[in-house]
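Reviewing the structure listed below.
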Protein chains: 2
Amino acid sequence: MTETTSPPTLEMVAAVAGVSRSTVSRVVNESPKVTPEAVAAVNAAISKLGYVPNRVARSLASRRTFSIALVIPETTARFFADPFFASVVQGAAFHLAKTEYTLTLLISSETDPEKTRRYLQGGNVDGALILSHHTDDRSYSELAGRLPVVFGGRPMSQEGEDAYVVDADNRAAAEQATRHLIGRGRTRIAHIAGRPNMGASVDRLDGWRRALNAAGLASDLVEGGDFTPHGGADAMRRLLERDPGLDAVFAASDQMASGALAVLKERGLRVPADVAVVGFDNNDFARSSTPPLTTVEQPPTAQGAKMAEVLVRLIEGEEVEHFTLLETRLIVRESS
Amino acid sequence: MTETTSPPTLEMVAAVAGVSRSTVSRVVNESPKVTPEAVAAVNAAISKLGYVPNRVARSLASRRTFSIALVIPETTARFFADPFFASVVQGAAFHLAKTEYTLTLLISSETDPEKTRRYLQGGNVDGALILSHHTDDRSYSELAGRLPVVFGGRPMSQEGEDAYVVDADNRAAAEQATRHLIGRGRTRIAHIAGRPNMGASVDRLDGWRRALNAAGLASDLVEGGDFTPHGGADAMRRLLERDPGLDAVFAASDQMASGALAVLKERGLRVPADVAVVGFDNNDFARSSTPPLTTVEQPPTAQGAKMAEVLVRLIEGEEVEHFTLLETRLIVRESS
DNA sequence: TTGTAGGCGTTATCAA
DNA sequence: TTGATAACGCCTACAA
């Protein structure tokens with residue numbers, strides 16, 4: 001049985017109820033200006049026929065789809081391997097469940113970014129949530145002008161004022177992490193920065209510097225990594241060359257911190273006795289390194305929910321702030 | 001800048017290209033019957049205007065959406081906690097990437113099954129993939145008559161001939177697992193069955209029985225569990241009461257097997273020395289139990305891919321087999 | 001090969 | 001409050 005019988009239309013409901021299509025439409029859309037009798041007749045007809053509004057036709061006429069896309073610019077495999085994504089999706093889905101919007105997950109496999117773009121621009125959705133975690137992928141930045149779009153994760157810093165962004169409060173988090181180090185009595189606190197073209201890197205560097213300046217400490221010990229353990233290790237070596245007596249390192253990612261940890265061990269420096277280390281992300285690298293890393297936890301679920309909220313408000317035409325900063329939490333472990 | 005400028009239409013392209021809308025439509029849909037000049041003119045106009053077809057309008061007119069839904073009747077949290085789901089999605093997405101179809105993930109939170117149903121019946125998708133893992137949820141079975149639907153996971157056995165199902169070959173897998181036990185020299189092999197109202201349970205019980213019968217062994221030692229560790233423990237107790245000398249147990253799920261393991265340890269029986277244990281699923285319960293469980297691995301990625309393939313063929317009007325059985329793999333660990 | 005015209009199922013705009 | 005009637009953007013016979 002594949003006989004998918006063609007579904008009843010609004011017009012058929014109108015016929016059965018003995019009213020016009022307009023009236024049926026009004027009832028379906030809960031317009032207040034309909035007599036109770038008409039409402040009753042229409043509802044009776046609806047349940048008699050098992051009528052379900054055709055959302056496609058509705059979309060075409062009203063120019064609204066009530067569905068929004070969550071675009072994940074990663075391969076499916078990587079997406080599911082990363083708990084960060086899962087949590088963001090969860091947060092978004094949870095928020096959207098309270099609204100009339102439906103979430104469509106678009107996993108844009110690298111093979112066909114075009115398909116995704118056509119889908120997004122083709123009027124299928126009222127807006128899009130775009131995750132750009134650990135990536136400076138700007139392939140979707142142009143979309144922002146054609147469709148309400150909210151970026152999440154760690155987007156470009158530049159990219160103009162027209163973008164809406166929900167992100168962790170990197171600056172405040174970095175400041176807090178650095179203050180934590182200062183509070184532990186450290187005075188030569190170095191920083192391993194992320195890629196300079198990413199907003200997150202800049203903000204974290206900035207937060208680190210602020211905390212040091214506020215404490216009257218020097219903020220000269222910076223070396224750049226690339227968010228990988230290897231990059232972190234290289235940066236650590238350069239830092240030790242510049243100042244063998246440094247007593248703390250704040251890395252802009254757990255992966256870089258773990259690279260730094262390896263170098264410190266290789267040099268016979270004890271963590272945290274000789275050098276305290278703090279990372280950023282609170283991912284598996286932080287939990288499973290030796291010693292476990294003190295790090296900054298980002299709230300992915302909250303981020304997903306907030307992204308959805310911002311997008312919905314945007315779609316509904318509300319004034320929305322371009323930047324929404326999420327609070328982070330310092331998780332103190334044995335490395336500091 | 002939220003000025004979402006209204007996008008160019010097919011009609012505008014026609015005007016610029018100096019042809020009729022039909023011709024533009026033909027070019028867009030790659031109809032062979034268009035002169036090269038026309039094609040060139042239209043394509044020029046398209047890229048000049050940045051035209052992207054409105055899929056909603058196209059859907060309304062053609063009654064095709066080229067998108068299919070993957071319905072997950074679980075909460076978002078549970079969905080992401082279960083690697084089984086993730087893999088199925090991955091498989092489906094991977095297969096669909098090769099087609100012109102788009103995958104829409106519908107996480108039907110238990111709060112609003114109605115929203116999901118309306119979405120599915122509202123003409124938003126050409127078909128649906130429905131996962132009913134560990135669940136005898138029949139809330140979507142009615143959909144099958146109104147929309148091409150493929151069920152996956154462990155669906156009802158009954159439910160009529162009109163359903164399309166892709167599932168692991170439970171019977172063969174159970175048979176193989178039991179033969180493995182027989183091969184290890186076991187002769188009193190018990191079975192802890194799953195809920196009797198689930199097709200998977202019935203098939204596994206059947207496979208177990210077949211293997212025993214073929215070997216000339218008795219197949220009387222069956223007790224039912226409910227797919228939980230607790231249920232498995234209770235069943236194990238009953239089995240030991242009935243035959244304290246049993247030397248092997250095949251459980252219809254890893255969770256039940258882990259419950260059985262606990263009871264065996266409690267009774268001072270060694271695994272596998274005294275009693276060999278085999279589970280089903282190859283999930284975390286199997287890997288992290290003591291000893292690690294020999295179990296049956298189901299191929300969730302393959303299942304997702306196969307489900308997508310079957311659905312697409314169904315949508316395209318091909319003849320498709322109602323049941324597709326996936327091969328499984330026995331993973332031998334220390335419990336047997 | 002190309003164009004014309006009608007229709008897909010709703011919503012929206014006016015009159016009535 | 002209700003009902004014609006015209007969009008919405010595209011597809012598709014059918015005709016030319």
Side-chain angles (χ1 to χ4, degrees), chain A residues 4-42 45-46 49-67 100 118-119 121-126 146, chain B residues 4-42 45-46 49-67 100 118-119 121-126 146:
Chain A
T4 303
T5 43
S6 83
T9 69
L10 181 148
E11 179 150 20
M12 296 166 64
V13 173
V16 171
V19 297
S20 72
R21 290 178 298 169
S22 316
T23 299
V24 176
S25 178
R26 290 187 187 103
V27 172
V28 169
N29 294 297
E30 294 171 321
S31 158
K33 315 236 147 217
V34 190
T35 54
E37 300 82 65
V39 174
V42 170
I46 285 178
L49 296 175
Y51 168 74
V52 176
N54 182 317
R55 295 190 17 144
V56 171
R58 185 205 293 255
S59 294
L60 184 56
S62 67
R63 299 158 148 287
R64 309 256 300 157
T65 67
F66 283 107
S67 71
E100 52 193 332
R118 279 204 309 274
Y119 185 85
Q121 285 192 43
N124 283 295
V125 295
D126 292 340
R146 311 176 151 284
Chain B
T4 303
T5 43
S6 84
T9 69
L10 182 149
E11 179 151 22
M12 296 166 64
V13 174
V16 171
V19 299
S20 74
R21 290 179 302 167
S22 326
T23 299
V24 176
S25 177
R26 291 188 186 102
V27 172
V28 169
N29 294 299
E30 293 171 322
S31 158
K33 316 232 143 218
V34 191
T35 54
E37 300 83 62
V39 174
V42 170
I46 285 179
L49 295 175
Y51 169 73
V52 176
N54 182 318
R55 296 194 13 147
V56 170
R58 184 207 295 255
S59 294
L60 184 57
S62 66
R63 299 156 148 284
R64 311 257 288 139
T65 67
F66 285 106
S67 70
E100 52 193 333
R118 279 203 310 272
Y119 184 85
Q121 285 192 43
N124 284 294
V125 295
D126 292 341
R146 312 178 151 283

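Each chain gets a letter, A, B and so on, in the order its sequence line appears, and its residues count up from 1. None of these values were measured; they are calculated from a predicted model.
- In the region residues 56-67 of chain A, proximity to DNA chain C at under 4.0 angstrom, judged on heavy atoms, holds for A:A57, A:R58, A:A61, A:S62.
- The backbone N or O of B:S31 sits nowhere less than 3.5 Å from a side-chain atom of B:N29 that would complete a donor-acceptor pair.
- When the P atom of D:dC11 is taken as reference, atom CD of B:E11 falls 13 Å away, rounded to whole Å.
- A straight line from CG of A:N54 to P of D:dC8 spans 19 Å, rounded to a whole angstrom.
- The closest side-chain donor-acceptor pair between B:R118 and B:N124, if any, does not fall under 3.5 angstrom.
- Separating the CG atom of B:L10 from the P atom of C:dG3 is a distance of 12 Å, rounded to the nearest angstrom.
- Between B:Y51 and B:M12, every side-chain heavy-atom pair lies at or beyond the 4.5 Å cut-off.
- Under the 4.5 Å side-chain criterion, counting only non-hydrogen atoms from C-beta, B:N54 is not in contact with B:T9.
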For nucleotides 4-6 of chain D, tabulate all protein N/O to nucleotide N/O atom pairs closer than 3.5 Å, reporting atom names and distance.
unit_1, atom_1, unit_2, atom_2, d
D:dA4, N6, A:S22, OG, 2.6

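- Residue-level contact check: A:V19 touches the backbone only, with heavy atoms under 4.0 Å from sugar-phosphate atoms and none from bases.
- Judged by distance alone, the side chain of A:T65 and the main-chain N or O of A:S59 form no donor-acceptor pair under 3.5 Å.
- Within the 4.5 Å cutoff, the side chain of A:L60 has no heavy atoms near those of the A:V56 side chain.
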**OP:** Take B:V42 and B:V19 through the test side-chain contact (heavy atoms from CB on, under 4.5 Å) and record every step on the way to the result.
**Re:** CA-CA 8 Å; B:V42 170; B:V19 299; 3.9 Å; yes
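- Side-chain atoms of B:S62 come within 3.5 Å of backbone atoms of B:R58 as a donor-acceptor pair (strictly under, hydrogens ignored).
- Regarding contacts with the backbone of D:dT12, every side-chain N or O of B:S25 stays at 4.0 angstrom or more from both OP1 and OP2.
- For the pair B:D126 and B:S67, the minimum side-chain heavy-atom distance is 4.5 Å or more.
- Taking 4.5 Å as the limit, some side-chain heavy atom of A:V28 sits within range of a side-chain heavy atom of A:V24.
- A:R146 places no side-chain N or O within 3.5 Å of a backbone atom of A:Q121 that could act as its donor or acceptor partner.
- Applying a 4.0 Å cut-off to non-hydrogen atoms, the residues of residues 28-39 of chain B that approach DNA chain C are B:K33, B:V34, B:T35, B:A38, listed by residue number.
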